[in-house]
Amino acid sequence: MGYKRVLLKLSGEALMGKQNYGIDSAQLEQYALDIKKIHDKGVEVAIVIGGGNIYRGVQAETSGIDRVQGDYMGMLATVINAMAIQSTLEKHGMYTRLMSGIKMEAVCEPFIRRRAVRHLEKGRVVIFGAGIGNPYFTTDSTASLRAIEVEADVVLKGTRVDGVYTADPEKDPNAVRFEKLSFEEVIRNGYNIMDMTAFTLCQENNVPIIVFDMNKIGNLEKLVDGDEQIGTLIS
Ligand code: UDP
């Protein structure tokens with residue numbers, strides 16, 4: 001398939017592994033090793049990580065916290081996850097840079113597009129923390145936006161399901177996985193892949209999305225190698 005530069009989106013929830021809150025170190029370790037496999041092949045890797053394992057803005061509304069305040073709390077949660085990933089990647093010998101949508105000089109660089117591109121060219125894994133730095137957005141939108149900004153070839157959306165199905169595979173045994181879909185087909189059929197803001201950003205800027213199971217060891221590498229059909233490609 002020959003992807004040169006990819007943007008990998010990991011949800012915060014995925015980091016929980018078998019726990020129901022926080023960061024599971026075994027899960028983190030698996031992700032780092034899988035990322036290393038593609039990084040070693042020379043693929044330039046940018047990562048956006050969610051924060052749902054720690055805090056989500058929508059939670060705020062039910063707990064008496066102001067929505068915008070809650071969104072900032074969610075963004076800070078993504079920085080915690082990003083720092084955890086950064087540390088684990090470095091433990092496995094990769095050079096990394098953490099760039100944040102909110103200024104936090106003590107722990108990360110501010111996001112500067114040209115700098116991010118330069119880091120990628122130099123083979124550093126770039127992690128984008130704190131979303132885009134604005135409330136009312138998600139880390140999926142961050143993934144789409146940053147992918148466009150750094151001119152990534154594709155957004156790889158790592159989930160716990162191995163692609164987009166005709167129905168919910170956990171409920172319907174006859175559900176079939178799509179290998180490919182167009183952006184229009186996804187919208188027409190209401191398949192839930194990302195929020196609309198995130199999705200249309202990719203559509204309008206011709207950035208393909210691949211939804212795949214990141215929890216299966218080696219899947220990321222297979223996807224990048226392109227010998228085997230992995231996940232669902234939306235283009
Ligand atoms: N968030 C935000 N702006 C952004 C990115 C994230 O306000 O640009 C907040 C939002 O409240 C969101 C939370 O951060 O609920 C955590 O991100 P997200 O829910 O996307 O994480 P995931 O579902 O991928 O774990």
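Just follow the structure's listing: the first ligand is 1, and inside any ligand the first atom is 1.
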Show the distances, to 0.1 Å, for all pairs joining an N/O atom of ligand 1 and a protein N/O atom that are shorter than 3.5 Å, listing one pair per line.
| from | atom 1 | to | atom 2 | distance (Å) |
| --- | --- | --- | --- | --- |
| ligand 1 | 1 (N) | Phe137 | O | 3.2 |
| ligand 1 | 3 (N) | Asn134 | O | 2.7 |
| ligand 1 | 3 (N) | Phe137 | O | 3.2 |
| ligand 1 | 7 (O) | Asn134 | O | 3.4 |
| ligand 1 | 7 (O) | Phe137 | O | 3.4 |
| ligand 1 | 8 (O) | Ile132 | N | 2.9 |
| ligand 1 | 11 (O) | Gly57 | N | 2.9 |
| ligand 1 | 11 (O) | Asp71 | OD1 | 2.5 |
| ligand 1 | 14 (O) | Met75 | N | 3.4 |
| ligand 1 | 15 (O) | Gly57 | N | 3.2 |
| ligand 1 | 19 (O) | Arg56 | NE | 3.2 |
| ligand 1 | 20 (O) | Thr139 | N | 2.9 |
| ligand 1 | 20 (O) | Thr139 | OG1 | 2.5 |
| ligand 1 | 21 (O) | Gly51 | N | 3.0 |
| ligand 1 | 21 (O) | Thr139 | OG1 | 3.3 |
| ligand 1 | 23 (O) | Arg56 | NE | 3.4 |
| ligand 1 | 23 (O) | Arg56 | NH2 | 2.7 |
| ligand 1 | 24 (O) | Lys9 | NZ | 3.0 |
| ligand 1 | 24 (O) | Thr139 | OG1 | 3.1 |
| ligand 1 | 25 (O) | Gly12 | N | 2.8 |
| ligand 1 | 25 (O) | Gly51 | N | 3.3 |
| ligand 1 | 25 (O) | Gly52 | N | 2.8 |

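- With sequence neighbours left out, Glu185 forms a side-chain hydrogen bond (donor to acceptor under 3.5 Å, both in side chains) with Ser182.
- Evaluation of the ring pair (Phe, Tyr, Trp, His ring centres under 6.0 Å) test over residues 195-235, restricted to residues two or more places apart or in two chains, returns Phe183-Phe199.
- Pairs of residues two or more places apart, or lying in two chains, never qualify as salt bridge (Lys or Arg N to Asp or Glu O under 4.0 Å) while including a residue from residues 123-137.
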### Task
Mind running side chain to side chain contact (heavy atoms under 4.5 Å, CB included) on Gln27 and Met16 for me, showing each step along the way?
CA-CA 7 Å; Gln27 194 62 63; Met16 295 193 294; over 6 Å; no
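- Using a 4.5 Å heavy-atom threshold, the side chains of Leu15 and Leu10 count as separate.
- In the model, His119 has a side-chain atom that pairs as donor or acceptor with a side-chain atom of Glu109 under 3.5 Å.
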